[in-house]
Amino acid sequence: MTGVRGPAASKVAKTPKGDQVRLVVPFEDNRHLSRLLGEYDGHMALLEERLGIEAHVHGNVVTLTGPAASTDIARDVLEKLYARVARGEDIGPGDIDGLLRHAPADGREKDGQAQIRTRRKTINARSPTQTTYIQALNQVDLVFGLGPAGTGKTYLAVAHAAQCLEQGLVERIVLSRPAVEAGERLGFLPGDMKEKVDPYLRPLYDALYDVLPPAKVERDLTTGVIEIAPLAFMRGRTLAHSFVILDEAQNTSSMQMKMFLTRLGEGSKMVITGDPSQIDLPPGQESGLEQAVGLLRGVKGIQTVRFTSKDVVRRDLVARIVEAYDKAGAKG
C-alpha cells in the first residue's frame, strides 16, 4: 500500500520565518495527492481558512506557512487524509472538519478519531463527542444519545448496528420511532398504516441505504433481518440478539419509554436518541426521555452521551441556527 512519507523518512523541513514557520511535506504518489487536494484544491483552501495558514503545492510537495502549531496540525491532517486516499477511501470537506475537531487544543492531545466500518464505507467520527459516542456503543449495551439535529447521533447508531450485523454480533436490527411529529397525527395522512408510518421512519431508511448495499437492505427488510416499525408495535415483545434503536425518543411518554426499555432481551444492544429541546407531545405531557436518563444515571451498562451545537456536522450555518435557538431558550 502506498503510504505517506512521514517526517522521519523525508526529513520534513521547518524553516523559521519571523513568527511563522515554513513546513515542507512531500508525498509519494501524485495521483493520491490530486485526490487529497480536492477539486480546484478545495481541501487545501479549507485548511488555509480554518487554520490561518498558506499552502502551496508544487509537484508532489506541499509547503505550509504559518504559526508552528497550525502548520503541524495541517501536516497531520494531510498525512492522515493521504493514508485514507491510499486505502481507496473517499474523502471530503467533512473529513477535514472531523480531523481538525480532533486536533490537539491548548497543547493537550485529544482522543484518537473513532471509526465505524461497514462493507460499503468507513465512517470516521467528526467531533470528539462523536468519538465518545462510538466508544460507548462499543463498550455498553444501552446508550442514550441526546442533542440537536445534525450531530450524527442517529446516523452513527444505525451505522454501528450495521457493523454489528455484518460481524455476526447480532442477528437482526430493529429500528423504531414514535409516530408523533411537529404537531401532526397519523389520521391526517393518506394511505394505509404502512403508508402513514413510512414518512416518520424515512431518516432511518436513509441511514441504512447509506451504510449498507441497497440490495442487502431490500433483502433484509423482506426477510425481517432488518425491521423498521413505529414504537406502538413494540409492546409485548422481547427483542433478543438484536440491535435496537429508538429515534426521536423525546416524543415518548414515560410509560412508552419504560415499555421500550424493557424490550431488551438476551444478547441485545439498545440505543435511544433524541433532542430534549424538540418535544412534540401534547402540552402538559412529560417526555419519557429525560426522565429515563435521570432514573438510570449511574446504572452499570448504561451510558449517556450529550451532544451540543458545537457537534453539529451538517454545515456551519446549521450550527449557528441551533446556537441562536439555544440562546433564545436560555433567555426564556
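Throughout, numbering of the chain's residues begins at 1 and tracks the sequence.
Note: N124 CG to D95 CG = 6.0 Å, rounded to the nearest 0.5 Å. Note that CE of M257 is 9.0 Å distant from CD of Q250, once rounded to the nearest 0.5 Å. Between R22 atom CZ and T65 atom OG1 the span is 7.0 Å, to the nearest 0.5 Å. Within the model, atoms CE of M44 and CG of L36 stand 7.0 Å from one another, a figure rounded to the nearest 0.5 Å.
Checking each of I245, V174, L208 against I228 for a side chain to side chain contact (heavy atoms under 4.5 Å, CB included) leaves exactly one that passes, namely L208. Checked against F27 for a side chain to side chain contact (heavy atoms under 4.5 Å, CB included), the options V61, V85, L33 give a single hit: L33.
For the pair L246 and P178, the tightest heavy-atom approach, listed with the atom from each and the gap, is CD1-CD, 4.0 Å. In this structure, A249 and S287 approach most closely via the heavy-atom pair O-OG, 4.2 Å. Nearest heavy atoms, G274 versus P276: O-CD, 3.6 Å. Annotation for I53 and P67: closest pair CG2-CD, 4.4 Å, computed over non-hydrogen atoms.
A donor-acceptor contact shorter than 3.5 Å is absent between the side chain of N60 and the backbone of P26. In this structure a side-chain-to-backbone donor-acceptor pair under 3.5 Å is missing from R120 to P214. At distances below 3.5 Å, not a single donor-acceptor pair connects side-chain atoms of Q163 with backbone N or O atoms of T118. Panel note: side chain S176, backbone A229; a donor-acceptor pair is recorded below 3.5 Å. Counting only distance, with no hydrogens or angles, the side chain of Q113 and the backbone of T131 share no donor-acceptor pair below 3.5 Å. In terms of modelled atom types and a separation under 3.5 Å, the side chain of T238 and the main chain of G265 share no donor-acceptor contact. At least one donor-acceptor pair closer than 3.5 Å links the side chain of R101 to the backbone N or O of K310. E266 places no side-chain N or O within donor-acceptor distance of the main-chain N or O of A240, the cut-off being under 3.5 Å. Remark: side-chain polar atoms of Q256 are not paired, donor with acceptor, to backbone N or O of T252 under 3.5 angstrom.
At least one side-chain heavy atom of L261 sits under 4.5 Å from a side-chain heavy atom of M270. Side-chain contact check for T304 versus R297: every heavy-atom pair is 4.5 Å or farther apart. By the 4.5 Å heavy-atom criterion applied to side chains, S253 and Q285 are counted as neighbours. Looking at heavy atoms from C-beta onward, V293 lies in side-chain contact with L146 at the 4.5 angstrom threshold. Put simply, the side chain of L201 does not reach to within 4.5 Å of the side chain of D247, judged on heavy atoms. Looking at L64 and R75, their side chains come closer than 4.5 Å, going by heavy atoms from C-beta outward. Side-chain contact between D76 and D72 is absent, with no heavy-atom pair separated by less than 4.5 Å. Residues L37 and V57 are in side-chain contact: their nearest non-hydrogen atoms beyond the backbone lie under 4.5 Å apart.
Applying the ring pair (Phe, Tyr, Trp, His ring centres under 6.0 Å) test to pairs two or more places apart or on separate chains, those with a residue in residues 238-294 are H160-F243. Within the structure, the salt bridge (Lys or Arg N to Asp or Glu O under 4.0 Å) test picks out the following pairs touching residues 222-244 (sequence neighbours left out): R172-E227, E227-R237.
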- Pair Q303-Y133, side chain to side chain donor-acceptor pair (under 3.5 Å): steps then yes or no: CA-CA 9 Å; Q303 187 169 338; Y133 187 53; over 6 Å; no
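In this structure E171 satisfies the side-chain hydrogen bond (donor to acceptor under 3.5 Å, both in side chains) test with no other residue, sequence neighbours excluded.
Comment: K80 does not engage E89 in a salt bridge, judged by the lack of any side-chain N to carboxylate O separation of less than 4.0 angstrom. Ion pairing between a basic and an acidic side chain is recognised when a charged N comes within 4.0 Å of a carboxylate O; K153 and D311 show no such pairing.
Under a cut-off of 6.0 angstrom, the local environment of CD in Q167 is crowded, with over 12 non-hydrogen atoms contributed by other residues, nucleotides or ligands.
Ring planes of H32 and Y82: perpendicular class, angle over 60° (limits at 30 and 60°).
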